[in-house]
Amino acid sequence: MSICHGMIEDTLLFVAIGANLGVLVAVRVAAAVLITRLFACYINRQSDSQSINV
């Protein structure tokens with residue numbers, strides 16, 4: 001709950017001081033997708049290496 005609140009609150013604060021809302025949301029979504037994809041690849045690699053060793 002606090003992470004979601006922070007994402008909304010931070011975005012609104014940046015918009016209030018003059019940031020472009022569209023750019024801000026696009027960058028945040030792109031970063032979230034990229035980080036999630038990298039983490040998923042890392043998890044898959046870890047599970048593949050464990051199944052080979054078993």
Side-chain angles (χ1 to χ4, degrees):
M1 180 74 159
S2 65
I3 293 173
C4 183
H5 173 74
M7 293 287 284
I8 293 169
E9 183 181 358
D10 291 347
T11 302
L12 292 176
L13 286 173
F14 283 121
V15 169
I17 60 173
N20 184 337
L21 178 64
V23 172
L24 203 58
V25 169
V27 169
R28 285 178 178 258
V29 168
V33 169
L34 177 65
I35 291 168
T36 303
R37 179 69 179 141
L38 290 173
F39 189 66
C41 289
Y42 174 76
I43 295 293
N44 285 337
R45 241 185 220 166
Q46 291 298 319
S47 76
D48 288 344
S49 68
Q50 286 178 359
S51 64
I52 292 171
N53 292 332
V54 172

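Fair warning: this is a prediction, and the values are worked out from it, not measured in the lab.
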Cut-off 3.5 Å, no hydrogens considered: what does the side-chain donor-acceptor table look like for residues 30-37, sequence neighbours left out?
unit_1 : atom_1 : unit_2 : atom_2 : d
Thr36  : OG1    : Ala32  : O      : 2.7

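- When hydrophobic side chains of Ile, Leu, Val, Met, Phe, Trp and Tyr are connected at separations under 4.5 Å, Phe39 ends up clustered with Tyr42, Ile43.
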Below 3.5 Å, can you tabulate the donor-acceptor pairs from side chains in residues 9-23 to any protein atom, sequence neighbours excluded?
unit_1 : atom_1 : unit_2 : atom_2 : d
Glu9   : OE1    : His5   : NE2    : 2.9
Thr11  : OG1    : Met7   : O      : 2.6
Thr11  : OG1    : Arg28  : NE     : 3.4
Asn20  : OD1    : Gly22  : N      : 3.0

